[in-house]
Amino acid sequence: MTRSIALIDCNNFYVSCERVFNPQLVGKPVVVLSNNDGCVVARSNEVKAQGVRMGQPWFQLNNLAKQHGIVAYSSNYPLYADMSNRVMGMLATFSPDIEVYSIDECFLDFSGFKTQDLTLYSQHIRQKIKQWIGLPVCVGIGATKTLAKLANYLAKNNPEFNGVCNFSVMMPQQQNDWFSQIAVSEVWGIGRNLTPKLHQQGIHTVLDLKQANPASMRSRFSVIIEKTIREINGIVCIELEEMAAAKKQIVSSRSFGAPVSDLASLEQAVSLYVNCAVEKLRRQQSYASTLFVSIRTSPFNKKAAYYKNGLTIPLPMQTDNIKLLTKAALWGLRKIYRKGYKYQKAAVVLSELVSANNRQSDFFDSELSGCKSDKLMNIISKINAIMGKGTLKLASEGYRQPWKLRQSNKSSSYTTNWNELIHVTK
DNA sequence: ATCACGGTTTGCA
DNA sequence: CTAACGTGCAAACCGTGAT
């Protein structure tokens, strides 16, 4: 049976979220910046038209921003996460089979639905999400996830589709016409490194890739590209994954708001990152076997000396205990710390994760795995979940945090914090 | 010659 | 006033020592 898979993608998601609560921004050039107000991570159409690239450092855009009056927001992740949950919750009512792919994208399996009805059904979905949440979305439909992604790309970039492109009702010849107009780099899984290599092979458009030989492309590149080619030809190789698989590795890394030289500040930052990683670890009910801690100076600063180092620490037992993990991380940090450098970033990685039911119990079952501290951990997690992140924390995180993120223009957390709701009326 | 390993780099979104 | 460039994950790769 031919499948029908839809990809629903929010337009310029972060920018659109800001516009919901600040409608004067509609029609104006708006960007949202990454952590530390470093790079552009979301652009309104007006900004894209100016040639601003995804991931471009904000400081490089000073002149252009002044010239065109570009409004820049610091990223407000609590707001975007909450808006995303609302969208996903609504989408789940339109099909029983759903994969939340990213904060702004979602696959719905419409297999078994009448393909002729899907375009109208998708228009209905768009209209409801606009009406109830305020966000604009586009829908792409195809026989595979890769085709759904491509259909979505067409829906986004060609007004004649009115936000919905359905390959399932399109003639093959017409599909190929579109494919011949889309650059191969737009295909899901074809990134900036594969693109020039494909160009060398004479593959420039999606149609070129569709007609390439999957087997020989596999031997030349990888199995990934073989799957991609087959998917463009309508053969499902990438299944819908309704249950998010447990992560094999959990990373918490962040750049500092200002360079840091003293060990004490690094210790605070690393403690916070361990906290953050452990929250994720416990949410997926896993235990870590090793912890990796690393620090580095800025690779961009040519005037100051560069230094980076990291250390993998095997843990005496599989654990989710924040005290034990913090202790290990700080021990590692002190090993790799060198005086006299301006550090810009630290990271904590938990790996060799095992899920709760596969966990090996410790023969000696010491206090570390025992009930006492586990109970304390559970209580800390619960209180933080109810009262807000960071309500309770280990003292090693520190009270004043001069190294914390720069966020010079963050909007209010309108939907997740009562105290910030007031700003809506100001 | 081949494998398992760990650590590092690459690639992608 | 100046300097200022993200994060998270997995797969691929690569050197090493063991078999």
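So you know, we letter chains A, B, ... as the sequences are listed, proteins then strands, and number each from 1.
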For this session: Counting heavy atoms from C-beta on, name the nucleotide in C:dG8, C:dG6, C:dA12 closest to the side chain of A:K280.
Result: C:dG8
Problem set entry | A:W188 and A:Y153 aromatic centres sub-6.0 Å | no
Exercise. Which one of A:K48, A:R43, A:K156 satisfies the side-chain hydrogen bond (donor to acceptor under 3.5 Å, both in side chains) criterion with A:N12?
Worked result: A:K48
Exercise. Are A:K145 and A:F107 in a cation-pi setup, meaning NZ or CZ lies under 6.0 angstrom from the ring centre and within 45 degrees of the ring axis?
Worked result: yes
For this session: With heavy atoms under 4.0 Å as the rule, sort A:N62 into base, sugar-phosphate or nothing.
Result: base
Problem set entry | Presence of A:T312 side-chain N/O under 4.0 Å of B:dG7 phosphate oxygens OP1/OP2 | yes
Problem set entry | C:dC5 phosphate, OP1 or OP2, under 4.0 Å from A:Q344 side-chain N/O | yes
Problem set entry | Out of C:dA12, C:dC9, B:dA13, whichever nucleotide has its closest atom nearest the side chain of A:W188 | B:dA13
For this session: Scan A:G189 against the nucleic acid and name what it touches under 4.0 Å (heavy atoms): base, sugar-phosphate only, or nothing.
Result: sugar-phosphate
Seminar exercise, completed: Separation of B:dG7 atom P from A:I313 atom CD1, nearest Å, is 11 Å
For this session: Please determine, for the side chain of A:P57, which listed nucleotide (C:dC5, C:dA11, C:dG8) has the closest atom?
Result: C:dC5
Problem set entry | Identified pairing partner of C:dC5, criterion: Watson-Crick or G-U wobble below 3.5 Å | none
Problem set entry | Ring centre gap for A:F167 and A:F179 strictly below 6.0 Å | yes
Exercise. So, is A:N301 close to the C:dA3 phosphate, meaning a side-chain N or O under 4.0 Å from OP1 or OP2?
Worked result: no
For this session: Would you indicate, yes or no, if C:dG6 has its OP1 or OP2 atom less than 4.0 angstrom from a side-chain nitrogen or oxygen of A:S255?
Result: yes
Exercise. Counting distance only, does the side-chain N/O of A:T144 pair as donor-acceptor with the main-chain N or O of A:E231 below 3.5 Å?
Worked result: yes
Exercise. Roughly, in whole Å, what's the span from CZ in A:R53 to C1' in C:dG6?
Worked result: 15 Å
For this session: From the options B:dG7, C:dT7, C:dC5, select the nucleotide whose nearest atom is closest to the side chain of A:F300.
Result: C:dC5
Problem set entry | Residue whose nearest DNA chain C nucleotide is more 5′ - A:S222 or A:S252 | A:S252
Exercise. How many Å lie between CD on A:E241 and P on C:dC9, as a whole number?
Worked result: 15 Å
Problem set entry | Interatomic distance, A:L291 CG vs B:dG7 P [rounded to whole Å] | 13 Å
For this session: Search all heavy atoms of A:Y121 against all heavy atoms of A:F94 and return the closest pair with its distance.
Result: OH-O, 2.7 Å
Seminar exercise, completed: Closest to the side chain of A:Q60, out of B:dA13, C:dC5, C:dA10, is C:dC5
Exercise. Want to settle it: does A:I224 or A:K345 sit nearer the 5' end of DNA chain C, counting the closest nucleotide to each?
Worked result: A:K345
Exercise. Is there a side-chain polar atom (N or O) of A:R192 under 4.0 Å from OP1 or OP2 of B:dA13?
Worked result: no
Problem set entry | Selection from C:dA12, C:dA4, C:dG6 that lies nearest to any side-chain heavy atom of A:C39 | C:dG6
Seminar exercise, completed: Ranking C:dC9, C:dT7, C:dA12 by distance to the side chain of A:N35, first place goes to C:dT7
Seminar exercise, completed: Of C:dG8, B:dT9, C:dA11, the nucleotide closest to the side chain of A:K308 is B:dT9
Problem set entry | Rounded distance in Å - CG (A:L33) to C1' (C:dC5) | 11 Å
Exercise. A:Q249 CD to C:dT7 P: how many Å, rounded?
Worked result: 16 Å
For this session: Would you mind reading off the distance between A:K247 atom NZ and C:dT7 atom P, rounded to a whole angstrom?
Result: 18 Å
Exercise. Taking CG from A:L150 and P from B:dA13, how many angstroms apart are they, rounded to a whole number?
Worked result: 12 Å
